[in-house]
Amino acid sequence: MNRRPTLLTAITLTAAAALTLSACGSDDSSKDKDNDKIAGAETGGEKSASPSASASSSAERPKIELPSDVTYKFEWKKTGDPDKDAVLSDAEQRIKAVDMAIAEQDPLHEAYRFYSEGTAAAGSETYIKEFVDHKARTTGLTRYYNESLTMKDNGTAALVYCEDQSKAFNKFLKTGKTDVTPVTKDSYVIYAGTLRKNKNGVWVTETLTSQRGSAKCQP
């Protein structure tokens, strides 16, 4: 569930992945009320390889290849904790894998399904298909910041983070035209997800929700 300041007319935070924050498995009593109403959706020529995640497992991760005009700035800080850093690494790879699926126009791309399951994977499939139906993909720079990661006693990880879409847009494949949209408060999105380590040692995203215009994410 990602992206873009204003999505294609028909790609407006579809209800396919709509969940409450509590459905993300965040059972803390949070002091930040912004997170209480997150309701979600998912979101991505020549290609340039993106580094693979350096997670602590023997799983053979898919190679992430993206158009050269799709770039990222991850401001997520290394924690020094191997498990937490692995969660952040696999979450980052999932984000890139969704954009790769959009660029390759494949709603069932193996890369994003490697990093997601359940409602998160289903929401990604629906979201990617919208881009395919409109023959469009993502372009520009997307920034990720203000992350908060909690490891749960039940073996899951709760990850909340912000996304800055002010320099990320839709690009139409037939014309090559980029739909440059103005920056508004809705260019900033908050996400909340639950991840669980699978048998291959990969932290897969099981649920993901989002809310545009969150006060927590405004510059």
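Below, each value reflects all heavy atoms present in this structure, side chains not excepted, and no hydrogens, waters or symmetry copies. Being a predicted model, the structure only gives us computed values, none of them experimental.
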Point to revise | Flag for Glu163-Tyr144: side-chain donor and acceptor within less than 3.5 Å | key: yes

Exercise for review: May I ask you to decide whether Lys73 forms a salt bridge with Asp164, counting only side-chain N to carboxylate O separations under 4.0 Å?
Suggested key: no

Check your understanding: What distance do Lys84 atom NZ and Leu159 atom CG have between them, rounded to the nearest 0.5 Å?
Key -> 11.5 Å

**Study point:** Pair Lys96 + Glu92: basic N to acidic O under 4.0 Å
**Key:** yes

Exercise for review: Kindly confirm or rule out a cation-pi arrangement of Arg113 over Tyr115, judged by NZ or CZ under 6.0 Å from the six-membered ring centre and within 45° of its axis?
Suggested key: no

Exercise for review: Could you tell me whether the side chain of Glu117 and the main chain of Val204 form a donor-acceptor pair under 3.5 Å?
Suggested key: no

Practice item. Return yes if a side-chain donor-acceptor contact under 3.5 Å exists between Asp81 and Thr79, otherwise no. Key: no

Exercise for review: Apply the test side chain to side chain contact (heavy atoms under 4.5 Å, CB included) to residues Val98 and Ser124: give CA-CA distance (whole Å), side-chain angles for both, the deciding distance (0.1 Å), then the verdict.
Suggested key: CA-CA 7 Å; Val98 169; Ser124 293; 4.0 Å; yes

Review point. About how many Å separate NZ of Lys185 and OG of Ser214, when rounded to the nearest 0.5 Å?
Key: 10.5 Å

Check your understanding: How long is the span from the OG atom in Ser187 to the CZ atom in Arg212, to the nearest 0.5 Å?
Key -> 7.5 Å

Practice item. Indicate yes or no for a side-chain donor-acceptor contact from Asp85 to the backbone of Gly80 under 3.5 Å, with no hydrogens or angles considered. Key: yes

Practice item. With side chain to side chain contact (heavy atoms under 4.5 Å, CB included) as the test, would you mind laying out the steps for Tyr161 and Ile190 before giving the verdict? Key: CA-CA 6 Å; Tyr161 59 90; Ile190 191 169; over 6 Å; no

Review point. Do you know which two heavy atoms are closest between Leu208 and Gly193, and how far apart they sit?
Key: CD1-CA, 3.9 Å

Practice item. Could you tell me whether the side chains of Asp186 and Thr184 share a donor-acceptor contact shorter than 3.5 Å? Key: no

Exercise for review: Answer yes or no: is there an ion pair linking Lys63 with Glu65, defined by an N-O contact shorter than 4.0 Å?
Suggested key: yes

Practice item. Might you work through the side chain to side chain contact (heavy atoms under 4.5 Å, CB included) test for Val189 and Tyr191, ending with a clear yes or no? Key: CA-CA 7 Å; Val189 187; Tyr191 291 85; 3.5 Å; yes

Point to revise | Between CZ on residue Phe74 and CG on residue Leu88, distance to nearest 0.5 Å | key: 10.0 Å

Review point. Between Thr156 and Trp203, which heavy-atom pair has the shortest distance, and what is it?
Key: C-CZ3, 4.3 Å

Check your understanding: Within the side chain of Thr175, is there an N or O that forms a donor-acceptor pair under 3.5 Å with the backbone of Lys177?
Key -> yes

Exercise for review: Could you tell me the separation between the CZ atom of Phe172 and the NZ atom of Lys135, rounded to the nearest 0.5 Å?
Suggested key: 12.0 Å

Exercise for review: Measure the shortest side-chain to side-chain distance between Tyr112 and Pro62 over non-hydrogen atoms and say whether it is less than 4.5 angstrom.
Suggested key: no

Point to revise | Closest non-hydrogen atom pair between Trp76 and Glu147, with its separation | key: CD1-OE1, 3.4 Å

Review point. Between atom CG of Leu108 and atom NZ of Lys129, what is the distance when rounded to the nearest 0.5 Å?
Key: 10.0 Å

Exercise for review: Kindly give the heavy-atom pair with the smallest separation between His109 and Ala101, and that separation in Å.
Suggested key: CB-CB, 3.5 Å

Review point. What are the two closest non-hydrogen atoms of Arg137 and Leu173, and how far apart are they?
Key: CG-CD2, 3.8 Å

Practice item. Look at the side chain of Thr178 and the backbone N and O of Thr139, then say whether any donor-acceptor pair between them is shorter than 3.5 Å. Key: no

Exercise for review: Compute whether any side-chain donor of one residue and acceptor of the other, for Arg143 and Gln165, lie under 3.5 angstrom apart.
Suggested key: no

Review point. Any donor-acceptor pair under 3.5 Å linking the side chain of Glu130 with the backbone of Thr126?
Key: no

Review point. Where is the tightest heavy-atom contact between Pro107 and Ile128, given as atom of each residue plus distance?
Key: CA-CG2, 3.6 Å

**Study point:** side chain to side chain contact (heavy atoms under 4.5 Å, CB included) evaluation trace for Asp83 with Met151
**Key:** CA-CA 9 Å; Asp83 285 334; Met151 307 301 288; 4.0 Å; yes

Check your understanding: Does the pair Asp90/Arg61 count as a salt bridge with the N-to-O cut at 4.0 Å?
Key -> yes

